[in-house]
Amino acid sequence: MLSAFWIVLKRDLLLALRRRNEVFTVLFFFIVVISLFPLGVGVEEKILTKIAPGIVWIAALLASTLALDRLFSSDFEDGTLEQLLLTPHSLSVMVFAKIVAHWLLTGLPLVLIAPLVGLLYQIPVDSIAVMMLVLLLGTPVLSMIGAIGAALTLGLRGGGVLLSFLVLPLYIPVLVYGAGAISASMAQGVSIQPYLLLLSAFMILSLIFAPWATAAALKISIE
Amino acid sequence: MLSAFWIVLKRDLLLALRRRNEVFTVLFFFIVVISLFPLGVGVEEKILTKIAPGIVWIAALLASTLALDRLFSSDFEDGTLEQLLLTPHSLSVMVFAKIVAHWLLTGLPLVLIAPLVGLLYQIPVDSIAVMMLVLLLGTPVLSMIGAIGAALTLGLRGGGVLLSFLVLPLYIPVLVYGAGAISASMAQGVSIQPYLLLLSAFMILSLIFAPWATAAALKISIE
Amino acid sequence: MTLQVNNLQCIRGDRELFSGLSFALQQKQLLMLEGANGSGKTTLLRTLCGLYLQEQGDILWDGVSIRKLDDQYRQELLYLGHYNAIKMDLTALENLRINTLLGGYNPGDNALMQALDAIGLFGFEDYPTRQLSQGQKRRVALARLLVSKQKLWILDEPFVALDVAAVELLQNIIAAHVDAGGMAILTTHQEVPLTTGAVKRLRLGEKQGVLADA
Amino acid sequence: MTLQVNNLQCIRGDRELFSGLSFALQQKQLLMLEGANGSGKTTLLRTLCGLYLQEQGDILWDGVSIRKLDDQYRQELLYLGHYNAIKMDLTALENLRINTLLGGYNPGDNALMQALDAIGLFGFEDYPTRQLSQGQKRRVALARLLVSKQKLWILDEPFVALDVAAVELLQNIIAAHVDAGGMAILTTHQEVPLTTGAVKRLRLGEKQGVLADA
Amino acid sequence: MKINWFKYAAPMNFYSLAGKLIPFFWIAAIAFTLLGLYWGFFKTADVLNDQKQYYRIIYVHVASAWMAMWLYAVMVFWAALGLIFNTRLSYMMASATAITGANMTLIALITGAIWGKTSWGTWWDWDPKLTTFLILLFIYMGYLALQSAIDDTRRSDKASALLALVGLAIVPVIYFAVNCPDPNECASLHQESSLKRVEANILIGMLVTTLGFWMYSFAVILMRVRNIILDRERKTSWVSKLKEINQ
Amino acid sequence: MSEFFSMGGFGVYIWSAMAVAFVLILLETISLIIQRKSIIRDIKRVKRLEQRRQKEQTSR
Ligand code: HEM
Ligand SMILES: Nc1ncnc2c1ncn2[C@@H]1O[C@H](COP(=O)(O)OP(=O)(O)OP(=O)(O)O)[C@@H](O)[C@H]1O
Ligand SMILES: Nc1ncnc2c1ncn2[C@@H]1O[C@H](COP(=O)(O)OP(=O)(O)OP(=O)(O)O)[C@@H](O)[C@H]1O
Ligand SMILES: [Mg+2]
Ligand SMILES: [Mg+2]
C-alpha cells in the first residue's frame with residue numbers, strides 16, 4: 001500500500017524532472033501574473049499592498065489549473081492509466097501519490113517564491129510569513145479539488161478550458177479565506193486564527209475525500 | 001494556397017465546434033476568472049475599476065496559454081502534423097490557418113465579452129471601447145508568439161521550460177501596453193494613441209514573421 | 001484456478017457486440033480470440049479485466065465474481081492492450097522497473113536487464129523509449145511478461161509491430177507460460193502457430209461461438 | 001518517373017543505421033523493405049519523404065533532388081506511417097475528406113463514401129473515429145489509398161491491426177495501383193504474398209542490400 | 001395501499017405516468033402564477049407608494065431565486081440516487097432538472113439586476129447574495145458542460161452525478177465563504193430573514209407565484225424526462241409501439 | 001390605465017423584468033416541444049427505413 005504510493009510518487013517526480021517543464025511554466029506564469037498588476041494598476045503603494053493578497057491567491061489558483069490538465073491525461077493517452085487501474089493496489093492511494101506529486105511541482109514552488117511577491121508589493125515581513133503559511137495550507141486543497149475535475153474531464157475535447165471552468169468556482173472558499181488571512185495579518189488587531197482553522201479544516205476534509213472521489217471519477221472515465 | 005488555408009482553418013474550427021458548447025465554455029471560463037478577482041481582492045469599487053485592465057489581460061493570457069499547449073501537440077501525437085508537412089502546400093499558410101483558428105477560439109470571445117467585464121467592474125463606456133480595441137489588436141499577437149513557442153518545444157524533452165522562457169517574456173510588452181492603454185483611457189487627458197500604435201506595430205511584425213518562424217520551427221521539431 | 005464466463009453480453013453505444021457468451025479457461029490452457037475488425041475482441045478482453053462493465057452476465061475467478069475479488073483478482077492478472085503503456089521520457093529499464101514494481105513484486109535490476117536482453121533490447125536499456133523504433137517500444141512493453149508472476153495473461157494483439165524473430169520468441173514465451181501452469185487469452189490477426197498446451201478458440205462476430213479445441 | 005537513391009546514409013543519435021544505400025524504383029514496381037525491428041526501415045521511409053534529413057547521399061525524383069522539387073515532389077507522394085493521422089473527434093467521412101482535400105484534390109463525397117464502403121466501413125461512416133476499433137481506425141486511414149491520385153505510395157506497415165479479409169483487400173489495392181503504373185514502397189513483418197508487378201526487395205540491418213528481384 | 005415504487009422506476013412506466021401528470025402541473029402552474037401576480041399587482045396599492053413601485057419585481061425575482069436553489073437540491077438528490085442504486089431514471093431526472101435550475105438562476109440574476117438598477121442605481125454589485133447566485137449559475141453550467149462534453153451516456157450520467165455530489169459538498173462552503181469573508185465577525189452566522197420585513201400582502205403574492213413556478217418546474221422537468229427517455233430508448237420495442245410513433 | 005403601466009416611472013424596469021422571466025420560461029417550453037417533435041420524427045424515420053429494409057429482404 002505504502003509502496004504503491006512511493007512508486008507512483010517517484011515515477012511522477014522522475015517524469016517531471018525529465019521534462020523539467022511544469023515547474024517552470026507554473027513559476028513563470030505566477031511571476032508574470034504578479035508582475036503584471038503593478039504595471040497595469042500603476043505603482044500606488046497603498047493600493048498595491050491592498051490587492052496583494054487577492055492577486056497572490058488568484059495567481060496561485062490559475063497556476064494550479066494550468067498543470068492540472070496533464071495530471072491524468074498523459075497517462076491516459078499512452079495506456080499507463082489503465083495499467084494503474086489493473087495493479088493490485090488501491091487506486092485512491094496511487095491517485096493520492098499523483099496529487100502529492102502535482103502539489104510538489106506546482107504548489108510548493110509558489111510557497112517558496114512568495115517572499116518575492118512580498119518584495120514586489122511591499123508587504124510587511126510578518127505578513128509574508130503568514131502568506132507562506134496559508135499558501136502551504138491552501139495550495140494542497142487546490143490540487144486535490146482540481147484532481148477530481150481532471151479525472152472527470154479525462155479525454156474530453158476542450159479539456160483544459162472545460163476543466164478550469166469546472167474547477168475554479170470550487171476553489172472559491174480557499175481563495176476567500178486564503179486572501180482574507182493575509183489581509184487580516186496586515187490589519188491591526190485582527191486575529192488570523194479563525195482563517196487558519198478554516199483552511200486547515202478544508203485541507204483535512206479534502207485529504208479524506210478527494211483521493212477517493214478522484215479514484216471513483218477515474219473509474220467512471222476510463223470505461 | 002488559399003484553399004489550403006481554408007481547409008486547415010475549417011478543420012480546426014470543426015474540431016473545436018464538434019461540441020457546440022465549447023465556445024460557450026470559453027466564454028463562461030472568462031466570466032469565472034473575472035468574477036474571482038472581487039472575491040479575492042475585495043469589493044471596493046474604485047480599486048476594482050483600477051485593476052480591471054490587468055484582470056482582463058490576465059484572462060486573455062490564461063485562455064491563450066491554456067489552449068496553446070495542444071495547438072500542435074495533438075496533431076503531432078496522432079501523426080496528422082507530418083501529413084500536413086507532406087501536402088503540396090506551403091506550411092506557413094497552413095500554420096497561419098491554425099493560428100487564426102486558435103485566435104478565433106480563444107482571443108475573439110474575450111473581445112466580445114469585454115463589455116460584460118465593463119459592466120461587472122463599472123468601467124466607463126469609452127474605456128470599454130478602448131478595451132475591445134486593444135484586445136482586438138493584442139490577442140492575435142499572443143496567439144502568434146505562442147505558436148512559435150509551441151512549435152519549437154513540440155515533443156521535446158524539457159520543452160515546457162523553453163516554451164515559458166521563450167514565450168512569456170515576449171508576451172509581457174503586449175500585456176503592459178494593452179493594460180496601459182485601458183488605464184490611460186480611464187485617466188484624464190492621457191493620449192492612448194502611442195499605445196495603439198505600438199500594439200499595431202507588434203501585430204504587424206508578428207503577422208509577418210510568426211507564421212514563417214513557426215513553420216521553420218515545426219520542420220525542425222518533426223525530424 | 002479457473003476463469004469462468006457465464007452468459008456475457010456487452011453493448012457499445014447502441015450496438016450489441018456479443019451476448020450469451022460462455023466459456024471456461026483452466027490452467028495450462030490458452031484461448032485464442034478470433035474475429036473481424038470491430039467484432040468486439042478488445043471490448044471482451046477489457047471486460048475480462050474489469051475495465052469495462054458488461055451489460056449482463058458474470059465473470060468468475062475460481063467461482064467468485066471478479067468485482068468482488070477486486071485486487072485479489074488483479075494480483076493474478078497481466079493485461080497488455082493496444083497501447084504499450086510505457087512512458088516515452090523514461091528509459092526502457094526504468095519503464096520495466098516501474099511496471100513490475102506496480103505489478104507487486106521486485107525482481108531486482110539484474111533480472112530486469114536480463115529480461116530486456118532476452119527480448120532483444122540489448123544495448124538499448126538506457127535509451128529513452130522515445131528514441132526506440134515501433135517494434136522496440138512494443139518489446140519494452142512485452143519484457144514484462146518475462147519477469148511476471150501473474151497467472152492469467154490477457155494480451156491484445158501482442159504480435160503487432162514485431163519482426164519475425166520476435167514473433168517466434170514471443171510465441172515461445174507464451175507457450176512456456178501456459179505449459180508452466182499459466183493461462184493466457186490472446187487475440188491476433190496473424191497466423192501464429194501455437195503448438196503446445198491446449199489451445200481453445202473462440203470466435204466473435206457473425207459466427208460467434210467456441211470453436212473446436214485444438 | 002523514377003525514384004533514384006544514391007549512396008544514402010542515415011544516422012540516428014550516434015548510431016549509423018545504414019550507409020551506401022542505392023537503388024532505383026520505376027513505374028509498375030513495388031519495393032518491399034525488410035529488416036528486423038530497429039534496423040531503420042521507418043527512418044528510411046521518412047527520409048524518402050523528406051521528413052528526415054539524410055547524412056549523406058541524394059534522393060532524386062526524375063533526376064532532380066526532392067529537396068529542390070519540394071511541393072512538386074510532395075504532389076506525387078502519399079505517405080502512411082505508424083500513426084493513422086486521423087482525428088478522433090471527426091467522423092470517418094470527415095477525416096477522409098480533409099485528408100484528400102489537403103492532398104490537393106476533391107473527389108466529392110460520393111466517391112469518398114464509396115471508398116469507405118469498399119474498405120469495409122459501411123455503416124460506420126458517420127461515427128466519430130474515437131468509437132471505432134483499432135482495425136477500423138486503420139481502415140479509415142487506408143481509405144485514402146482508394147481515392148488517391150498520387151504516383152508514389154510509401155506505406156509503413158500498412159497491414160498492422162487489419163483482419164485477414166482486410167489484409168487481402170489491401171494487397172489487391174496495392175497490386176492494382178502498381179499495375180496501373182504506380183510505384184509503392186512498403187514494409188511489413190507479416191508474410192504477405194504480393195504477386196503481380198515487379199517486386200523488388202531491400203534488406204536493412206546486418207545483411208543490408210538489394211535482394212533478388214522477384 | 002402499497003405502491004410499487006420500483007414499477008415506476010422503469011422508464012417505460014414512468015413515461016406514461018409523466019404524460020398523465022404533465023397537464024395537471026401546467027394548469028396548476030398557470031393558475032398559481034396568474035393568481036400570485038394578480039394579487040401582487042392589484043391588491044398591494046395601499047402598501048406601495050410611487051417610489052416603491054419597483055417592488056413588484058419581487059414576484060418573479062424571489063420565485064425564481066427560490067426555485068433555483070431548491071432545484072439544485074433536487075438535482076443532487078437524483079444524482080445521488082443514481083449513483084447508489086444505478087437506476088437509469090434517476091440519472092435522467094438529474095439531467096432534466098439541471099437545465100430548469102440553470103434557467104431559474106438566470107431569471108433570478110437578470111430580474112435581480114434590473115431591480116438593482118431601480119433600487120441601487122447600478123446593474124451589478126459584488127454583494128454576497130448576488131455573488132452566490134452567480135457562482136450557482138457557474139456550477140449549473142459546469143454540470144451541463146461536463147454532461148454535454150461526454151458522448152457516452154453511461155459515462156456522462158455517472159460523471160455528472162459525481163460532479164453534482166462534489167458540488168453538494170462544496171456549495172455550502174462557498175455560500176458561507178461568500179457571505180462571511182471575515183470569520184472573525186461571524187462567529188454566529190445568522191442571516192436576518194428578509195421575509196420579516198416584507199408586507200403581508202406582498203408576501204402572499206410572492207408565495208403564490210413561487211408555488212406557480214414550482215408547478216411549472218415540475219411540468220417542464222417531466223416533459224424533459226419524457227424527451228430523454230424517448231431519445232435513449234428509441235431502439236426498444238415499447239417505444240416503437242407508442243401511440244405517438246405510430247400515428 | 002397608463003398610470004398602471006408606468007408604475008410610478010418604474011414601468012420599463014418592472015415590465016422588462018416580467019418579460020425576461022416569461023420569455024425565458026416560454027423559450028424553455030418551446031424548445032422542449034420542438035425537441036420532442038424532432039425526436040419523434042427521427043424515430044419514425046428510422047422505423048420506416050427499417051421496415052423498407054425488411055421488405056426488401058423478404059422480397060429477395
Ligand atoms: C439567494 C437568492 C435570492 C433570494 C432568496 C432573494 C430574495 C430577495 C428578497 C426576498 C428580496 C426583497 C426583500 C428585501 O428587500 O429584503 C430581494 C431584494 C432584492 N434582490 Fe434578491 N434574492 C436573491 C438573489 C438576488 C440576485 C441574484 C440579485 C441580483 C442579480 C438580487 C437583487 C436584488 C435586489 C437589487 C433587491 C432589492 C434590495 C432592496 O430592497 O434594496 N437578488 N431579494
Ligand atoms: N527519435 C529518435 N531519436 C534517436 N534515435 C531514434 C529515434 N527514432 C528511432 N531511433 C533509432 O533509430 C533506429 C531505427 O528506427 P526505425 O524506427 O527506423 O526502425 P524500424 O526499422 O522502422 O523498426 P520497426 O520495425 O520496429 O518499426 C532504432 O534503433 C532507434 O533506436
Ligand atoms: N469508445 C467507444 N464508444 C462506442 N463504441 C465503441 C467504442 N470503442 C469501440 N466501439 C465499438 O465497439 C466495436 C468493437 O470494438 P473493439 O475494439 O472491441 O473491436 P476489436 O474486435 O478489438 O477490433 P480490432 O480487431 O479492430 O481491434 C466496434 O465496432 C466499435 O465501433
Ligand atoms: Mg482490438
Ligand atoms: Mg518502423
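Each chain gets a letter, A, B and so on, in the order its sequence line appears, and its residues count up from 1.
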Measure distances from Leu168(A) to the heavy atoms of chain E and classify the residue's part below 4.5 Å as side chain, backbone, both or neither.
neither
Check each atom of Ile222(A) against the heavy atoms of chain E and say whether the ones under 4.5 Å are side chain, backbone, both or neither.
neither
Checking heavy atoms, do the side chain of Val171(E), its backbone, both or neither come under 4.5 Å from chain A?
neither
Which atoms of Val166(E) approach chain A - backbone, side chain, both or neither, heavy atom under 4.5 Å
side chain
Inter-residue atom distance Leu152(A).CG - Lys158(E).NZ, 0.5 Å rounding
13.0 Å
Where on Ser221(A) is there a heavy atom nearer than 4.5 Å to chain E: the side chain, the backbone, both, or neither?
both
Measuring from atom OG1 of Thr153(A) to atom CD1 of Ile150(E), what distance do you get when rounded to the nearest 0.5 angstrom?
8.5 Å
Please state whether the side chain, the backbone, both or neither of Phe165(A) comes within less than 4.5 Å of a heavy atom of chain E.
side chain
Contact part of Ile148(A) toward chain E, heavy-atom cut-off under 4.5 Å: side chain, backbone, both or neither?
side chain
When you look at CH2 of Trp214(E), are more than 12 heavy atoms from neighbouring residues, nucleotides or ligands closer to it than 6.0 Å?
no
Is it the case that atom CZ in Arg234(E) sees more than 12 heavy atoms from other parts of the structure closer than 6.0 Å?
yes
Where is the tightest heavy-atom contact between Pro173(A) and Ala177(E), given as atom of each residue plus distance?
CA-CB, 3.9 Å
Over all heavy atoms of both residues, which pair between Leu162(A) and Leu146(E) is shortest? Give the atoms and the distance, please.
CD1-N, 4.3 Å
Which bit of Phe202(A) comes within less than 4.5 Å of chain E, counting heavy atoms only: side chain, backbone, both or neither?
side chain
For Ile174(E) against Pro169(A), the heavy-atom pair lying closest together
CD1-O, 3.4 Å
Can you name the nearest heavy-atom pair linking Tyr195(A) to Asp182(E), along with the distance?
OH-OD1, 3.0 Å
Sort Leu198(A) into side chain, backbone, both or neither according to what part of it lies under 4.5 angstrom from a heavy atom of chain E.
side chain
Taking the six-membered ring for Trp, are Tyr177(A) and Phe176(E) parallel (under 30°), tilted (30 to 60°) or perpendicular (over 60°)?
tilted
Closest non-hydrogen atom pair, Leu162(E) against Ala213(A):
CD2-O, 3.7 Å
Ranked by heavy-atom pairs below 4.5 Å to chain A, first place among Leu165(E), Ile139(E), Leu163(E) goes to Leu163(E)
